[in-house]
Amino acid sequence: MPELLLRPDQAFDLDLTLSCGQVFRWERQGDWWRGVAGTHRVSVRQEGRLLTWNGASRRWLAGYFRLDEDLPAILRDIDRDPVVHEAIQKCRGLRLVRQPAWECLGSYICATYASIPVIKRRIALLCQCFGEQADQEGETFRTFPSLQALADADACRITECRLGYRAPYLHETARALVEDPGWEERIRSLPYGEARKELLRLKGVGDKVVDCVLLFAFGMYEAFPVDVWIQRILRERYPGGAGLRTYNQMARFGRAHFGEYAGYAQEYLYCNRAGITGRERGRYVPESQDER
DNA sequence: CACCAGGATGTTT
DNA sequence: AAACATCATGGT
């Protein structure tokens, strides 16, 4: 089984990276994480600086976990206030995952206004129904559904995956993109603002989903996704944050405050959201209620 | 039972 | 442009 020894300066925490809610098809099983990404069924484990895995090449693994980028330098750059400083201390080693574009976009259309465990089950159902069956070392798995598979799918069969009102969004977007091969390369070639406008035309893709996709799949670090948690953190813990009203005000604040790696700052703040490392498991407990 | 979740859409001001 | 209702589902 292949192994990779991280350099001492190559900060990486596999647990934080896979459990923080950026990807939905990984499960922890004992010491191992098992998941499907792209066409790969991967098992991976970390013991200190040692990564052991199978199911993908070394090049693929390093690319997926962005092991090539200088995380300590990014963290020094975004370490600009006490709130993000705390998040960096608690979540050091968290890396953004480099996700396949459609897999990321389709997943986040399914992820709107739902909790992470629910999202994971929905996506598992969707892959079970419409994913392509693949096989690795005797065990079978299913990839994330292709654009074609979802475009061809019966609308009501997508609804059976418990997607609710998101089902027609996913269907329409798949039909639009399957007629537009080259969408991915076009988006990749555009600057952030232009790429954003293009993707916003897709059904089920709003301000937050588009920023997740540009950040997680296209590596545009100026994207600063604002969900309910980030909104709370900005409004309750940042000076002047209470005055931020619209999505764009909060996203611009993030970019102005954190700079070119704002998206990384966002992910650290999200990872350190209320109680996620403690017993609250992500449930929101207002500041004022548990003071004494 | 009420309320919330990695929100988007369509309508009304 | 900003505020608002509505949407489907499952967990707490």
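Heavy atoms only: backbone and side chains are in, while hydrogens, waters and symmetry mates are out.
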Rounded to the nearest 0.5 Å, what's the gap from CG on A/N54 to NE2 on A/H40? Could you check?
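Spacing of CG (A/N54) from NE2 (A/H40) equals 12.0 Å.
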Any side-chain hydrogen bond (donor to acceptor under 3.5 Å, both in side chains) involving residues 243-262 of chain A? Give me the pairs, sequence neighbours left out, ordered by first then second residue.
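For residues 243-262 of chain A, and leaving out neighbouring residues, the side-chain hydrogen bond (donor to acceptor under 3.5 Å, both in side chains) pairs sorted by first residue read A/D81-A/H257, A/Y192-A/R255, A/D211-A/Y247.
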If you look at every strand shown and take non-hydrogen atoms under 4.0 Å, does [X] touch a base, only sugar-phosphate, or nothing?
{"X": "A/A114", "result": "base"}
{"X": "A/I230", "result": "base"}
{"X": "A/Q231", "result": "nothing"}
{"X": "A/R121", "result": "sugar-phosphate"}

Looking only at atom types and distance, does a side-chain atom of A/Q46 sit under 3.5 Å from a main-chain N or O of A/L14, one as donor and one as acceptor?
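Between the backbone of A/L14 and the side chain of A/Q46 there is a qualifying donor-acceptor contact (under 3.5 Å).
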Aromatic rings A/Y64 and A/W60: how do their planes relate, parallel, tilted or perpendicular, breaks at 30° and 60°?
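Taking A/W60 first and then A/Y64, their aromatic rings lie parallel (interplane angle under 30°).
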Do the ring planes of A/F65 and A/W26 sit parallel (below 30°), tilted (30 to 60°) or perpendicular (above 60°)?
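A/F65 and A/W26: tilted rings.
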Starting from [atom2] on [N], measure out to [atom1] on [X] and report it in whole angstrom.
{"X": "A/Y113", "N": "B/dG6", "atom1": "OH", "atom2": "P", "answer": "11 Å"}
{"X": "A/I116", "N": "C/dT12", "atom1": "CD1", "atom2": "C1'", "answer": "16 Å"}
{"X": "A/F224", "N": "B/dG6", "atom1": "CZ", "atom2": "P", "answer": "17 Å"}
{"X": "A/K120", "N": "B/dA5", "atom1": "NZ", "atom2": "C1'", "answer": "15 Å"}
{"X": "A/R273", "N": "B/dG6", "atom1": "CZ", "atom2": "C1'", "answer": "8 Å"}
{"X": "A/Y270", "N": "B/dG7", "atom1": "OH", "atom2": "C1'", "answer": "13 Å"}
{"X": "A/Y247", "N": "C/dC4", "atom1": "OH", "atom2": "P", "answer": "21 Å"}
{"X": "A/R122", "N": "B/dG7", "atom1": "CZ", "atom2": "P", "answer": "11 Å"}

Is there a path of hydrophobic side-chain contacts, each under 4.5 Å between heavy atoms, that joins A/V97 and A/F144?
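Shared cluster, no.
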What's the gap between C/dA3 and B/dG6 when it is taken at their P atoms, as a whole Å value?
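That atom pair is separated by 24 Å.
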Strand contacts (DNA chain B) in residues 192-212 of chain A, 4.0 angstrom heavy-atom criterion:
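Per residue number, the list reads A/L202, A/K203, A/G204, A/V205, A/G206, A/D207, A/K208, A/V209.
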Please list residues of residues 150-177 of chain A whose heavy atoms come under 4.0 Å from any atom in DNA chain C, ordered by number; otherwise none.
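Output list: A/R162, A/G164, A/Y165, A/R166.
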Between A/Y268 and A/E86, is there a side-chain donor-acceptor contact under 3.5 Å, judged purely by atom types and distance?
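Note: A/E86 and A/Y268 side chains miss the donor-acceptor criterion.
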Is there a donor-acceptor contact under 3.5 Å linking the side chains of A/T17 and A/R95?
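Looking only at side-chain atoms, A/R95 and A/T17 do not form any donor-acceptor pair under 3.5 Å.
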Check: A/F216 ring centroid to A/Y108 ring centroid under 6.0 Å
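Between A/F216 and A/Y108, the centre distance is under 6.0 Å.
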